[in-house]
Each structure stands twice: as C-alpha cells, then as structure tokens.
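Everything below concerns the one structure shown next.
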Amino acid sequence: MNIDDLRSQWNNEGEHLQNISKNQLKQKAAHPIEHLKKTLKNEYIFQLGAIAIAAFVPLIGGFDLLYTQIFYIFYTILVLISLYYFKGFYDFYKRLDRFEANTQHALWEIYCELKIQIERYKSFGFLLLPLVWIAFLLFTLNNSTETLSSTSIYLYIGLSIITSIATIVLIVFWADLIYGKIAKKLYQIIQQFED
Amino acid sequence: MSEKDFIFKINQHKGILYKVSKMYADTAEDQEDLRQEILVQLWKSYPNFNNLSQFSSWMYRVAINTAITYFKSENKIIFSHKEVELVDEPYNSDTENKLAIFYKAAQELNSVDKALIFYYMEGLSSEEIAAQMGMSSGNVRVKINRIKEKLQEIVKKYEY
C-alpha cells in the first residue's frame with residue numbers, strides 16, 4: 001500500500017461531518033489534564049478549609065491565654081507558608097491550559113511543571129508536620145493538671161515520630177498516585193521524540 | 001474574536017478534527033469523545049490565538065497536543081482486515097477501503113509517530129512539520145521514512 005496514493009481521498013476526509021454548533025463549545029471537558037485541574041482545585045479548596053478550621057483549635061480545645069498566644073504565633077507562620085505554596089499551586093493551575101506551543105515544547109512544559117508541582121506538594125505537607133506536633137503538644141499541656149512525666153514525654157515523642165512517618169508515607173503515596181501517573185505517561189511520550 | 005467567527009473557522013477546517021480523531025482513537029465512540037475534547041480545548045485556547053500564524057497551523061497544534069495527552073487505558077488493538085469498519089464512510093471504493101486500512105494500521109504507531117504521519121498526509125513540508133512538533137527537519141524526514149516502512153510492515157503482517 002502506497003500511502004501517497006491516499007492523499008486525494010485524505011483531503012476530502014471529514015467533509016461529511018456535521019457542522020459544529022455553539023452548544024458543543026459549552027460541554028464539559030473530560031481530558032486528563034482537565035481532570036488534573038479539577039483535582040488540584042478540590043485539594044486547594046480542601047486545604048483552605050482545613051486551615052480556616054485550624055484557626056478555631058484554641059477555642060475548641062479550651063486553651064489558656066498563654067497557649068492560645070503560642071498557638072497563633074505558629075498559626076501565623078502556617079498561614080504565611082501556605083500563602084506561598086498556594087500561589088505556586090494557583091500559577092501551575094493557570095498554566096495547564098497551554099496547548100498552543102509546538103508539541104515537544106508543550107509536553108516538556110506540562111511535564112516539568114507537574115514534576116515541580118509534585119515535589120512542592122510533598123514539601124508543603126512535610127512543612128505542616130511540626131506545626132501539627134506543636135498544636136498537639138499545646139493541647140496536651142493545656143489539659144494536664146500537673147507537669148508531664150518523662151513517660152508522657154517519651155510517649156508524646158514516640159507518637160509524634162510514628163504519626164509523622166505514617167503521614168510522610170501517605171503524602172508521598174498520595175502525590176504519586178494522583179499526579180505521578182500523568183507525569184509518567186507524559187515522559188513516555190516525550191521519550192518517543194528520541195526513538 | 002467572537003464565538004461566531006470561531007465556529008465559522010472551525011467548520012472550514014472540521015476535516016482536521018475528523019482526521020486527528022481517526023488517527024488517535026480506534027472506535028467511533030472514542031473518536032467522537034476526542035473530537036469533543038479537541039473542540040473544547042480549541043475554544044478555551046482561542047483567546048490566545050493572536051493571528052500571527054494561520055488558523056489552520058494553530059488548530060493543528062492544539063488538536064495534536066490535545067490528542068497526544070488524551071490518555072486512555074491501553075487496550076490491545078487487534079488488527080485484522082476483516083475488522084475494518086466502514087460504517088461511518090459514505091462510500092466503499094477501493095481507495096476508501098485502503099484509507100480505512102491506513103487508519104487501522106496507524107493505531108499501532110506511537111503518539112509522536114501518529115502526529116508525524118498525520119502532518120505528512122496533510123501535505124506539510126518537513127520544515128513545517130518540524131516547527132509544529134519542535135523537532136529538526138532532518139529528524140522529521142528520517143522519522144517519516146521509518147514510519148512509512150513501519151506502516152507497510154503492519155499492513156503486510158496482517159496480510160492485507
């Protein structure tokens with residue numbers, strides 16, 4: 001079969017297709033990149049909500065004035081760190097729509113941005129851990145009627161380490177599950193340019 | 001840059017939508033889904049179309065980039081000349097039958113090779129294809145020759 005002989009028929013392909021109507025422009029996209037954007041948006045909203053609820057921890061925990069003040073110092077640090085990361089997430093979200101570049105460039109751009117985003121997501125999760133420990137410690141101290149025994153301190157440290165390791169594993173697993181798959185597929189396509 | 005202008009231009013070039021969907025999707029249902037995805041991406045990208053290039057060149061890039069990143073679960077495609085469906089073709093001439101075989105064989109190419117052979121069939125020069133794909137024109141020429149050989153092998157393998 002000589003594919004050059006098919007040119008004439010190829011040029012007529014699609015003529016029988018119905019004309020596009022404006023209703024079709026309003027249909028929702030199901031593209032994997034759109035799905036990624038939707039996941040990002042939902043996570044963004046969830047994290048914002050979690051940070052907003054965290055502001056009420058002293059109220060819910062019945063913290064003393066001193067512990068409340070200490071809590072809000074660390075909460076302010078949490079908010080500032082979060083603003084930095086959310087700005088990065090938002091910029092990435094907006095850049096995901098760029099399909100007009102030449103193909104190799106478009107693929108590399110999405111792939112590199114996604115890899116940076118995955119690492120940024122993980123580091124944001126890891127950064128929150130010390131703040132969670134502090135909140136838990138303040139809660140414990142606030143509800144103790146006497147000085148913590150060394151057993152309690154070791155227990156606290158032990159629990160913190162175990163929950164931290166579990167949280168880190170969960171964050172890495174989650175980031176790779178949600179975002180890593182697309183990054184892998186993009187890289188496989190990029191490799192095809194080199195074959 | 002109105003909706004009306006956009007629809008007019010898309011309908012002038014609707015063949016691109018059809019051919020890209022046939023290259024990148026095997027079943028009629030998947031082709032329809034892919035055409036819809038490409039259309040939505042074109043409409044979303046339209047505000048960024050700055051008239052510095054031809055509308056068709058811009059449409060090619062968005063369509064191909066959308067199709068290439070439209071990952072579906074990888075099902076093994078079983079090629080057999082008996083399975084070539086011509087249900088959406090209005091005629092059944094020998095040339096159209098060969099074109100159907102071509103589409104079927106193209107399903108066995110990787111995503112980048114599909115884009116290259118698509119552009120080749122569209123009549124773009126090596127330099128134009130290189131600009132669209134972000135490759136060198138030399139690389140494009142070598143790859144297209146290999147793809148043509150590969151397609152011949154695929155068709156022979158299934159004894160068309």
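Order of the sequence lines fixes the chain letters, A, B, ..., with proteins taken first and strands second; residue numbering starts at 1 for each chain.
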Problem set entry | Side-chain ion pair, Lys44(B) and Glu100(A), N-O less than 4.0 Å | no
Seminar exercise, completed: Contact list (residues 101-120 of chain A to chain B, heavy-atom gap under 4.5 Å, by number) returns Ala101(A), Asn102(A), Thr103(A), Gln104(A), Ala106(A), Leu107(A)
Problem set entry | Proximal component of Phe118(B), with respect to chain A [non-hydrogen, under 4.5 Å] | both
Exercise. So among Val112(B), Asp113(B), Leu116(B), Leu109(B), which one has a side chain to side chain contact (heavy atoms under 4.5 Å, CB included) with Gln192(A)?
Worked result: Val112(B)
For this session: For Tyr90(A), look at atom OH and say whether over 12 heavy atoms of other residues, nucleotides or ligands are found less than 6.0 Å away.
Result: no
Exercise. What part of Ile16(B) is in contact with chain A, defined as an atom under 4.5 angstrom from a non-hydrogen atom: side chain, backbone, both or neither?
Worked result: neither
Exercise. Quick one: CD on Glu34(A) to OG1 on Thr69(B), what's the gap to the nearest 0.5 Å?
Worked result: 10.0 Å
Exercise. Same hydrophobic cluster for Val40(B) and Ile38(B), using side-chain heavy-atom links shorter than 4.5 Å among ILVMFWY?
Worked result: no
Problem set entry | Lys98(B) bridged to Asp5(A) by N-O distance under 4.0 Å | no
Problem set entry | Which of Asp4(A), Ile182(A), Ile33(A), Asn11(A) touches chain B most, by non-hydrogen pairs under 4.5 Å | Asp4(A)
Exercise. Do Leu66(A) and Phe63(A) sit in the same hydrophobic cluster, where Ile, Leu, Val, Met, Phe, Trp and Tyr count as joined when their side-chain heavy atoms come under 4.5 Å apart?
Worked result: yes
Exercise. Are Tyr72(A) and Ile134(A) connected in a single hydrophobic cluster, I mean Ile/Leu/Val/Met/Phe/Trp/Tyr linked by side-chain heavy atoms less than 4.5 Å apart?
Worked result: yes
Problem set entry | Worked verdict on His16(A) versus Tyr18(B) for side chain to side chain contact (heavy atoms under 4.5 Å, CB included) | CA-CA 10 Å; His16(A) 66 281; Tyr18(B) 182 77; 3.5 Å; yes
For this session: For the pair Tyr103(B) and Glu13(A), evaluate side-chain hydrogen bond (donor to acceptor under 3.5 Å, both in side chains) and give the outcome as yes or no after the intermediate values.
Result: CA-CA 12 Å; Tyr103(B) 281 128; Glu13(A) 283 283 275; 2.6 Å; yes
For this session: Can you tell which part of Leu17(B) gets under 4.5 Å to a heavy atom of chain A, answering side chain, backbone, both or neither?
Result: side chain
Problem set entry | Sidechain-backbone polar pair: Arg61(B) side chain, Phe99(A) backbone, donor-acceptor under 3.5 Å | no
Problem set entry | Gln188(A) versus chain B, the contacting section by heavy-atom distance below 4.5 Å | neither
Exercise. Given that the side chain runs from C-beta out, which part of Lys143(B) has a heavy atom under 4.5 Å from chain A: side chain, backbone, both or neither?
Worked result: side chain
For this session: Might you point out which heavy atoms bring Tyr70(B) and Pro32(A) nearest each other, and give the distance in Å?
Result: CD1-CD, 3.7 Å
Exercise. Are Leu128(A) and Ile165(A) grouped together when hydrophobic residues (ILVMFWY) are joined by side-chain heavy atoms under 4.5 angstrom apart?
Worked result: yes
Exercise. How many angstroms lie between CZ in Arg7(A) and OH in Tyr120(B), if you round to the nearest 0.5 Å?
Worked result: 5.0 Å
Seminar exercise, completed: Counting heavy-atom pairs under 4.5 Å with chain A, the top scorer among Asn110(B), Ile68(B), Ile7(B) is Asn110(B)
For this session: Assess the side chains of Glu122(B) and Trp10(A): does a donor N or O sit below 3.5 Å from an acceptor N or O?
Result: yes
Problem set entry | Engaged part of Gln41(B) at the chain A interface, taking heavy atoms whose separation is under 4.5 Å | side chain
Exercise. Does Lys26(A) NZ have over 12 foreign heavy atoms under 6.0 Å away?
Worked result: yes
Exercise. Hey, does the side chain of Gln36(B) reach the backbone of Gln24(A) with a donor-acceptor pair shorter than 3.5 angstrom?
Worked result: yes
Problem set entry | Phe8(B) atom CZ, over 12 foreign heavy atoms within 6.0 Å | no
Exercise. Measuring from Lys19(B):NZ to Asn12(A):CG, what's the distance to the nearest 0.5 Å?
Worked result: 8.5 Å
Exercise. To the nearest 0.5 Å, how far apart are CD1 in Ile20(A) and CZ in Phe6(B)?
Worked result: 8.5 Å
For this session: Mind jotting down which residue pairs meet the side chain to side chain donor-acceptor pair (under 3.5 Å) criterion with at least one end in residues 156-169 of chain A? Sequence neighbours excluded, please.
Result: Trp133(A)-Ser164(A)
Exercise. Is Lys148(B) reaching over with its side chain to a backbone N or O of Ile3(A), donor-acceptor style, under 3.5 angstrom?
Worked result: no
Problem set entry | Heavy-atom closest contact (Asn139(B) atom, Phe193(A) atom, distance) | ND2-O, 4.1 Å
Problem set entry | Residue Ser21(A) versus chain B: region with a heavy atom under 4.5 Å | backbone
Exercise. Between the side chains of Thr66(B) and His31(A), does any donor sit under 3.5 Å from an acceptor?
Worked result: no
Exercise. Cluster question for you: counting only ILVMFWY and a side-chain heavy-atom cut-off of under 4.5 Å, with indirect links fine, are Val140(B) and Leu124(B) together?
Worked result: yes
Seminar exercise, completed: Cut-off 4.5 Å, heavy atoms of chain A, and the answer for Ala115(B) is neither
